[in-house]
2 protein chains.
Amino acid sequence: MLLGSIEAGGTKFVCAVGNEKYEVVDKAIFKTTTPAETLQHVVEYFQQFPDLKAMSVASFGPIDADPTSDKYGFITDTPKIGWDNTDFVGTLKQAFEIPIYWTTDVNGSVYGEYVVLKDQLKHGSLVYYTIGTGVGAGTMQDGHFIGGAGTPEMGHVYLKRHPDDLGFSGICPFHGDCLEGLLSGPTFQARLGIRGEDVSDDDHVWDILAYYAAQACIQVTTILRPEKIIFGGSVSRPHFMKKVREQFDRLFAGYIEVGDLDEYITSPHVPENGSATLGNFALAEKLLK
Amino acid sequence: MLLGSIEAGGTKFVCAVGNEKYEVVDKAIFKTTTPAETLQHVVEYFQQFPDLKAMSVASFGPIDADPTSDKYGFITDTPKIGWDNTDFVGTLKQAFEIPIYWTTDVNGSVYGEYVVLKDQLKHGSLVYYTIGTGVGAGTMQDGHFIGGAGTPEMGHVYLKRHPDDLGFSGICPFHGDCLEGLLSGPTFQARLGIRGEDVSDDDHVWDILAYYAAQACIQVTTILRPEKIIFGGSVSRPHFMKKVREQFDRLFAGYIEVGDLDEYITSPHVPENGSATLGNFALAEKLLK
């Protein structure tokens, strides 16, 4: 049995085929161009695998994931040019007569982490933040995704501003200085005029970013009481995670017991950015049960 | 059949007895003094009703509600003097051999609102904030409480400070200017030197408070995607709710479609502060099924 995974990002699409042990047996990466061209690549890629039994898409958003909606399976009002109102699942359904799971990129990732962590979780309760081109998060409780009337958009919360960052107005086109507007990868360029890869680990900007990421951790800790908060994405380097834990400890003042901070606020457990692919395999397989 | 409700607040305890239609058939209010004296009043009150089949406690906190914990049924590290480490449920169990439900004050309230609203909810997804002596919230999804490793403590998040409020350092003993430290009832006295009841509706302080309450709404909207956000407590007057909606609209910039704001951000639907009592009756009855 083969399972398909599509990790649809604003920069690239990672397509993978896995077996019932969730091992990757084949993989391809496509640049995200127009919807027509990119989805054509995806369809042609998976058409090579006639034994595919189910697939799952973890997509950038916002997406419509309400099964009762006319726009179920669509990428909706995304700022990604050309991609708003794209019928993603409908396009796949035209090419493949197999079950297709549809969720957000971060839900794919949090589910992959859940698959490897579930035996050590008491409440099946996790948060997975990604900090890259944008900031988003997927959340689970009791092994289910959280999100009543729709998928979470946790990058768009406001935060207490760092005293050394008051001159920066943030880059979110909707909100200016929301979490995404203050913490996403492109804020390096906006603040410092250089790219994130070129910022040294001892730059003070990391303290500022950690101050905001720690506040996001406080929000989910007080609202969801998760067992673990995981940070993925290009910004979440080890020295940064250390600073996030320090700021969390200082700002939250031990108000709720969360255990060992090195265990509570962590990097992904699935190696090589594989969380979403693994999550997709597991979500696709669930459709067959 | 009779059901018991204990709404345990830091100022007063509201005890009530209800029938299977959740109608209040008797009620008593006790001032919150010492744990020994207050719980003695509670026990003596309910001993008048030998037909009581189950009861539910909705308590101020923090509480331990983890059934596997040694401290299950305790009020834990509360700032309320004399009440930390109080074995609330254990004391009741010594006096009554009936099932006892144990949750937070705000979970009692959100459950009461859920009981009256559930037929119009698609996802059983609600948030109930109370703004009074403190700030807390209860949250539900699919008809279940949210809170993995423990009960939420949603008053202790940080927020973007209002430009006209930067001189106020907040009154939370743990965090200074967290939501509770900026928005709770006692902040009127701390900011203006007068009590909340004496602050006129056109005072600018309401704009400042609404700015913070609206950010709390944005947090739960983006993290939980609830169908409704309800505000109870003494601070949540109608003119204030109007300002909260206006600030939410302005700050969130329509990023997620939440429908009619008058329906989305509302006052309680159970009249006369009765949400927690009704919730307790329903939670007590659930123990009998």
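Labels below follow one simple rule: chain letters A, B, ... track the order of the sequence lines, proteins then strands, and each chain is numbered from 1.
For a residue to count as touching a neighbouring chain, one of its non-hydrogen atoms must lie under 4.5 Å from one of that chain's; by this rule Ser125(A) touches chain B with the side chain only. Heavy atoms of Asp66(A) lying under 4.5 Å from chain B belong exclusively to its side chain. Heavy atoms of Asp177(A) lying under 4.5 Å from chain B belong exclusively to its side chain.
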For side-chain contact (heavy atoms from CB on, under 4.5 Å), just list the numbers for Ile218(B) and His175(A), CA-CA rounded to whole Å, side-chain angles, deciding distance to a tenth of an Å, and then say yes or no. CA-CA 11 Å; Ile218(B) 291 173; His175(A) 308 116; over 6 Å; no
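Across Thr151(B), Leu179(B), Thr221(B), the residue that shares the most heavy-atom pairs under 4.5 angstrom with chain A is Thr151(B). Heavy-atom pairs under 4.5 Å with chain A peak, among His144(B), His156(B), Met140(B), Glu227(B), at His156(B).
No donor-acceptor distance shorter than 3.5 angstrom exists from the side chain of Arg225(A) to the backbone of Pro152(B), with no hydrogens or angles considered. In terms of modelled atom types and a separation under 3.5 Å, the side chain of Gln141(B) and the main chain of Phe145(A) share a donor-acceptor contact.
Within residues 247-254 of chain A, the residues having any heavy atom under 4.5 Å from a heavy atom of chain B are, by residue number, Leu251(A), Phe252(A), Ala253(A).
Other residues, nucleotides and ligands contribute over 12 non-hydrogen atoms within 6.0 Å of the CG atom of Asp207(B). Few gaps surround CG on Leu166(A); more than 12 heavy atoms of other groups in view lie less than 6.0 Å from it. The environment of NZ in Lys242(B) is sparse: at most 12 heavy-atom neighbours from other residues, nucleotides or ligands sit within 6.0 Å. Annotation: Asp87(A), atom CG; neighbour count of heavy atoms from other residues, nucleotides and ligands within 6.0 Å is above 12. The number of heavy-atom neighbours closer than 6.0 Å to CG of Asp260(B), taken from other residues, nucleotides and ligands shown, is above 12.
The heavy-atom pair separating Tyr158(A) from Gln219(B) by the smallest distance is O-NE2, 4.3 Å.
With values rounded to the nearest 0.5 angstrom, Ile256(B) atom CD1 is found 9.5 Å from Thr76(A) atom OG1. Atom-to-atom distance recorded for Ile223(B):CD1 and Met154(A):CE is 4.5 Å, nearest 0.5 angstrom. Between atom OG1 of residue Thr68(A) and atom NZ of residue Lys122(B) there is a gap of 3.0 Å, rounded to the nearest 0.5 Å.
The shortest distance between side-chain heavy atoms of Thr139(A) and Leu224(B) does not fall below 4.5 Å.
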